[in-house]
A.B. asks: 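Quick one: the structure is below, questions incoming.
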Amino acid sequence: MHDIRALRDQPDLYEMAWAAKGRSGASAEAVQLDQQVRAARSASEAAQARRNDLSRRIGQAKAAKDEASAALLFDEVEALKAEAAGDAERAKAAEEALRDLLASLPNLPAQDVPFGEDEAGNVEVRRWGEPFAIQAPRNHADLGEALGLMDFEAAARMSGARFVVLKGPLARLERALGQFMLDIQTLEHGYTEVSPPLLVRDAAAFGTGQLPKFSEDLFRTTDDRWLIPTAEVSLTNLVREQILAAETLPLRLTALTPCFRSEAGASGRDTRGMIRQHQFYKVELVSITEPDQSDAEHERMVSCAEAVLKRLDLPFRTMLLCRGDMGFSARRTYDLEVWLPSEGRYREISSCSNCGDFQARRMDARTKSAGEKGTRYVHTLNGSGLAVGRTLVALLENYQDEGGRIAIPQVLQAYMGGVTHIDGNA
RNA sequence: GGAGAGGUGGCUGAGUGGUCGAAAGCACCGCACUCGAAAUGCGGCGUACCUUUACCGGUACCGUGGGUUCGAAUCCCACCCUCUCCGCCA
């Protein structure tokens with residue numbers, strides 16, 4: 001959601017950002033609607049003020065048993081009614097139109113976000129690790145199926161495409177990864193573990209920016225809730241409609257949850273394997289900060305996500321997304337991309353965004369300092385730390401040997417009951 | 001799922017059609033008293049938007065959205081939420 005006053009002050013700034021996202025003219029439209037809103041509202045309020053005054057005098061006349069004066073005032077009010085109703089209706093219509101428009105417009109990128117249309121415009125910030133030399137690397141789906149521990153067909157029989165069944169040590173590896181990541185974020189990075197609802201209402205999905213524009217990406221329940229596409233929704237909405245004491249910030253929250261995505265616009269993409277599923281586990285990181293702290297928190301969050309890949313010794317690079325490739329709610333986003341030998345390229349495994357006050361406005365989440373008079377909107381940040389399914393993919397592919405065995409990184413072995421390799425006979 | 005009770009300002013809580021943005025108490029802030037503190041006394045103390053250099057002023061808000069009325073915290077309807085009891089259930 002956007003601050004209409006800020007927009008009023010600098011319409012060009014907004015126009016530039018929105019034009020780049022195909023919403024050219026939206027800024028001018030909002031300014032115009034805003035003028036309509038305020039004109040109609042002023043007229044409506046003036047009429048209402050007169051009506052309130054007359055009603056008050058009717059009350060006084062009645063109290064004084066002066067029925068004649070009351071009758072005169074009645075007529076006066078009656079005459080006002082039609083006029084006032086028209087103004088009120090116009091004000092309401094314009095307000096709704098403005099609200100709907102503003103709710104549909106994406107966040108503005110931060111100053112330092114590079115220009116660019118799409119993925120190609122992203123900027124590599126740093127790179128860590130060297131891709132392993134693997135002879136004729138097999139992809140994770142082939143490896144998993146050959147091991148007899150990954151079954152897409154069984155999943156398809158009961159659930160359809162974009163689901164998978166993991167078995168035995170592979171199922172355990174998924175669990176191990178989740179626990180491992182959660183332990184790092186809670187024990188080492190100070191995030192508080194949360195076990196949140198996976199079903200949320202409209203208002204929550206609106207708060208983080210999934211609604212109203214992206215409902216087709218979500219699954220809907222029969223009682224009109226939404227399955228969360230990421231724990232970002234649940235964790236961020238923890239502070240909705242709250243006024244947080246400044247000294248309690250930053251809030252650092254993490255959760256390991258399933259995520260559900262319809263992948264409506266992705267038909268044909270990544271159809272084979274576990275890269276793009278309707279359901280996957282993810283460890284999510286969310287920070288709630290004071291406005292001037294969010295940029296520093298963002299860098300910190302990225303390093304918290306990177307730490308997991310480093311610990312697993314998986315080569316990755318960190319990308320600063322360009323304007324065209326950023327999501328709806330973000331003002332700056334870093335993606336972590338892990339090396340996938342079978343594809344010979346880096347693929348997204350984490351996305352860390354600073355949303356500024358964009359989500360906070362939609363949720364009405366504010367902060368207040370001790371001596372301070374008013375309140376300010378908090379800043380919200382979210383990041384994957386990491387996507388468990390894709391990390392499993394990366395592990396399989398990067399740790400395979402010629403025989404199709406998978407080595408378990410040392411840091412995970414404790415979580416795997418001491419298992420050092422997965423070879424299918426386990 | 002059935003039956004019932006209830007949602008009022010930071011908190012407790014009064015208010016069943018007219019000057020109610022809302023009593024009172026607590027909390028908080030200022031002043032007085034005091035060497036200081038406590039106690040006491042006096043005063044102040046909601047939010048958002050509009051207008052204004054400022055002062056003043058206006059509008060809205062008593063869970064949410066509609067409705068009745070000249071006028072709604074108060075009456076009517078729908079919904080949301082909380083609590084109690086019963087039923088069912090991991």
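All chains are named by letter (A, B, ...) in the order of the sequence lines, taking the proteins before the strands, and each is independently numbered beginning at 1.
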A.B. asks: Please name the pair of heavy atoms, one in A:R332 and one in A:M326, separated by the smallest distance, quoted to 0.1 Å.
C.D. replies: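 So the two residues come closest at CA-SD, 3.7 Å.
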
A.B. asks: For a side chain to side chain contact (heavy atoms under 4.5 Å, CB included) check, start with the C-alpha distance between A:L108 and A:M16, then their side-chain angles and the critical distance, and finish with the verdict.
C.D. replies: CA-CA 9 Å; A:L108 262 49; A:M16 193 177 78; over 6 Å; no

A.B. asks: Write down the distance separating the P atoms in B:U82 and B:A39, rounded off to the nearest Å.
C.D. replies: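 The answer is 39 Å between these two P atoms.
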
A.B. asks: Expressed as a whole number of Å, how far does the C1' atom of B:G7 sit from that of B:G65?
C.D. replies: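 That atom pair is separated by 16 Å.
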
A.B. asks: For the side chain of A:E45, starting at C-beta, report the closest nucleotide among B:U19, B:C70, B:G58.
C.D. replies: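 Within the option list, the nearest is B:G58.
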
A.B. asks: May I ask you to evaluate whether A:Q60 reaches the phosphate of B:U19, defined as a side-chain N or O under 4.0 Å from OP1 or OP2?
C.D. replies: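 So the side chain of A:Q60 is outside the cut-off, no N or O lying under 4.0 Å from OP1 or OP2 of B:U19.
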
A.B. asks: Among B:C70, B:G66, B:C49, which nucleotide sits nearest the side chain of A:S55?
C.D. replies: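 For the A:S55 side chain, the nearest candidate turns out to be B:C70.
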
A.B. asks: Say you pick atom C1' in B:U59 and the same atom in B:G10; how far apart are they, in whole Å?
C.D. replies: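 B:U59 and B:G10 have their C1' atoms separated by 25 Å.
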
A.B. asks: Go through A:Y399 and A:L314 one step at a time and tell me if the side chain to side chain contact (heavy atoms under 4.5 Å, CB included) criterion holds.
C.D. replies: CA-CA 9 Å; A:Y399 286 96; A:L314 289 169; 3.7 Å; yes

A.B. asks: Taking the minimum atom-to-atom distance to the side chain of A:I58, which one of B:C50, B:U59, B:C70 wins?
C.D. replies: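 Of B:C50, B:U59, B:C70, B:C70 is nearest to the side chain of A:I58.
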
A.B. asks: Among B:A60, B:C80, B:G58, find the nucleotide with the atom closest to the side chain of A:R201.
C.D. replies: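 Out of B:A60, B:C80, B:G58, the nucleotide with an atom closest to A:R201's side chain is B:C80.
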
A.B. asks: Between A:H2 and A:F358, does the ring centroid distance fall short of 6.0 Å?
C.D. replies: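 Between A:H2 and A:F358, the centre distance is under 6.0 Å.
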
A.B. asks: Give the nucleotide from the list B:C49, B:A60, B:C70 with an atom nearest to the side chain of A:V77.
C.D. replies: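 Nearest listed nucleotide: B:C70.
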
